[in-house]
Chemist: 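I am attaching a structure below and will ask some questions about it afterwards.
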Amino acid sequence: NIDFVLSDKDRIAGKYYYQHDPTVSPFGVSNTLGFPQALNAGSQVLSLEHTIVLSPRMTWTPRFGFVRLLAFANTRQPFNNSDFGISLFGSNRLPGININSNDSNLGNSLVLGAASNFSNAGMFQNEFEGSTNLMWTLGRHSLAFGFQYDRSQLNIINQNNQQAVLGFSDFYHFATGSLCTPDSGCFSANTELLNGSTNRYFRSNQVGTFVQDSIRLRPNLTVNVGLR
């Protein structure tokens with residue numbers, strides 16, 4: 001926090017907050033070791049306020065604020081496609097493997113590597129806000145004028161189009177290399193590589209203004225009127 005008095009009519013106040021919470025989960029998306037998922041999460045908050053006394057009856061206060069939030073999960077891998085001579089349209093990420101029925105008795109599935117749609121995905125959000133207020137006391141009237149502008153940015157990053165998934169109906173077909181595809185009459189596990197954009201970007205602007213008057217009609221009666 002900072003609170004700086006420039007003069008008896010001029011004051012600046014500010015606050016800044018920073019948070020970083022990285023975590024690593026060895027079995028975030030994969031049922032086997034070697035593919036831990038790292039989550040990078042954090043936030044930042046900034047607030048500035050400048051108060052200026054223009055006259056004994058008039059005060060002007062401009063403000064600025066900023067908020068940033070992020071959370072992105074990345075699945076690590078011990079090897080790359082180039083280590084095995086695999087070519088997947090330029091991607092160097094190992095394909096995830098999904099065995100639909102790994103145990104014929106229990107029917108449990110087995111996931112190796114990044115076989116989830118959210119193996120490498122997250123969000124980044126920024127919020128900007130600027131505002132200004134003018135307070136003016138005129139006899140029985142306490143006038144207030146204000147303007148505010150908000151800018152929002154939201155980026156949804158999903159790198160699913162860089163990650164192939166190989167599906168097998170059971171462990172036998174996995175051992176023999178028989179993929180589960182509609183062409184082979186298998187629909188229990190997906191074999192896919194998404195082609196197309198998977199990121200999303202949202203932007204929005206908001207503007208607001210107001211005028212307000214607090215009228216002191218009597219010592220025990222005040223009427224507020226305004227327009228926003």
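Residues: numbered from 1 along the sequence shown.
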Chemist: Look up atom CD1 in Ile2 and atom OG in Ser47, then write down how far apart they are to the nearest 0.5 Å.
Modeler: 12.0 Å

Chemist: Could you pull out the closest heavy-atom pair between Gly196 and Asn161, with the gap in Å?
Modeler: O-ND2, 2.9 Å

Chemist: Gln159 versus Phe72: any side-chain heavy-atom pair under 4.5 Å?
Modeler: yes

Chemist: Side-chain contact test, heavy atoms from C-beta onward, threshold under 4.5 Å: evaluate it for Pro95 versus Asn81 and give yes or no.
Modeler: yes

Chemist: Minimum heavy-atom separation for Val29 and Ser116, please, with both atom names.
Modeler: CG1-CB, 4.1 Å

Chemist: For Gln37 and Ser25: C-alpha separation, side-chain torsions, deciding distance, then whether side chain to side chain donor-acceptor pair (under 3.5 Å) applies.
Modeler: CA-CA 5 Å; Gln37 187 175 57; Ser25 174; over 6 Å; no

Chemist: Any non-hydrogen side-chain atom of Val207 less than 4.5 Å from a side-chain atom of Thr209?
Modeler: no

Chemist: Hey, any chance Leu194 and Val165 share a hydrophobic cluster, counting ILVMFWY side chains that come within less than 4.5 Å of each other, even indirectly?
Modeler: no

Chemist: With rounding to the nearest 0.5 Å, note down the distance linking NE2 in His50 to OG1 in Thr61.
Modeler: 9.0 Å

Chemist: Students often mix this up, so state it plainly: with edges at 30° and 60°, are the rings of Phe174 and Phe168 parallel, tilted or perpendicular?
Modeler: perpendicular

Chemist: Assign the ring pair Tyr18 / His20 to parallel, tilted or perpendicular, where the plane angle (0 to 90°) is split at 30° and 60°.
Modeler: tilted

Chemist: Looking just at side-chain N and O atoms, do Gln44 and Tyr16 make a donor-acceptor pair shorter than 3.5 Å?
Modeler: yes

Chemist: Any non-hydrogen side-chain atom of Asn80 less than 4.5 Å from a side-chain atom of Leu94?
Modeler: no

Chemist: Measure the acute angle between the ring planes of Phe79 and Phe84, then classify it against the limits of 30° and 60° as parallel, tilted or perpendicular.
Modeler: perpendicular

Chemist: Are Phe64 and Phe128 packed together at the side-chain level, in the sense that at least one heavy-atom pair is separated by less than 4.5 angstrom?
Modeler: yes

Chemist: Are the side chains of Asn100 and Cys180 in contact, using a 4.5 Å heavy-atom criterion?
Modeler: no

Chemist: Are Leu193 and Leu166 connected in the hydrophobic side-chain network, where two residues link if heavy atoms are under 4.5 Å apart?
Modeler: no

Chemist: Does one hydrophobic cluster hold both Ile97 and Leu110, with members joined at side-chain heavy-atom distances below 4.5 Å?
Modeler: yes

Chemist: Any chance you could measure Thr59, atom OG1, to Arg11, atom CZ, to the nearest 0.5 Å?
Modeler: 12.0 Å

Chemist: Any side-chain heavy-atom pair from Thr75 and Arg93 closer than 4.5 angstrom?
Modeler: no

Chemist: Please report the C-alpha distance between Val45 and Phe66 in whole Å, then the side-chain angles of each, then the deciding distance to 0.1 Å, and finally whether the side chain to side chain contact (heavy atoms under 4.5 Å, CB included) criterion is met.
Modeler: CA-CA 6 Å; Val45 179; Phe66 169 73; over 6 Å; no

Chemist: Report yes or no: do Ser214 and Asn224 form a side-chain donor-acceptor pair below 3.5 Å?
Modeler: yes

Chemist: Say whether Leu154 and Leu69 are linked into one hydrophobic cluster, either directly or through other cluster members, by side-chain heavy-atom distances under 4.5 angstrom.
Modeler: no

Chemist: Step through the shown structure and confirm whether more than 12 heavy atoms of other residues, nucleotides or ligands are within 6.0 Å of CG on Asn195.
Modeler: no

Chemist: Considering non-hydrogen atoms only, spot the tightest contact between Ile99 and Asp170 and give its length.
Modeler: CG2-C, 3.5 Å

Chemist: If you measure from CG on Asn120 to CZ on Arg76, what distance do you get to the nearest 0.5 Å?
Modeler: 11.5 Å

Chemist: Donor-acceptor pair, Asn126 side chain versus Arg68 backbone, under 3.5 Å?
Modeler: no

Chemist: We want to know whether Arg63 and Gln148 form a side-chain donor-acceptor pair, criterion being a heavy-atom distance below 3.5 angstrom.
Modeler: no

Chemist: Are Arg228 and Phe210 in a cation-pi setup, meaning NZ or CZ lies under 6.0 angstrom from the ring centre and within 45 degrees of the ring axis?
Modeler: yes

Chemist: Would you name the heavy atoms of Pro36 and Val24 that are closest together and state the gap between them?
Modeler: CB-CG1, 3.9 Å

Chemist: Kindly indicate whether the side chain of Leu54, heavy atoms from C-beta on, has any atom under 4.5 Å from the side chain of Leu134.
Modeler: yes

Chemist: Surrounding CZ of Arg218 (heavy atoms of other residues, nucleotides or ligands, distance under 6.0 Å), is the total greater than 12?
Modeler: no

Chemist: If hydrophobic clusters are built from ILVMFWY residues whose side chains come within less than 4.5 Å, do Val67 and Phe124 share one?
Modeler: no

Chemist: Taking all non-hydrogen atoms of both residues into account, name the closest pair between Pro78 and Gly34 and its distance.
Modeler: CD-O, 3.0 Å

Chemist: Verify whether one side chain among Ser152 and Glu127 offers a donor that lies under 3.5 Å from an acceptor in the other.
Modeler: yes

Chemist: So, does Ser30 use its side chain to make a donor-acceptor pair with the main chain of Phe27 at under 3.5 Å?
Modeler: no

Chemist: I need the Met58 CE to Leu138 CG distance, nearest 0.5 Å.
Modeler: 8.5 Å

Chemist: Mind listing the closest non-hydrogen atom pair of Leu33 and Pro26 along with its distance?
Modeler: CD2-CB, 4.4 Å

Chemist: Using only atom types and a distance under 3.5 Å, with no angle test, would you say the side chain of Asn133 pairs donor to acceptor with the backbone of Gly146?
Modeler: no

Chemist: Going by atom types only, do Gln153 and Asn155 share a side-chain donor-acceptor pair under 3.5 Å?
Modeler: no

Chemist: Between atom CZ of Phe145 and atom CH2 of Trp136, what is the distance when rounded to the nearest 0.5 Å?
Modeler: 6.5 Å

Chemist: Is there a donor-acceptor pair under 3.5 Å between the side chain of Asn158 and the backbone N or O of Asn160?
Modeler: yes

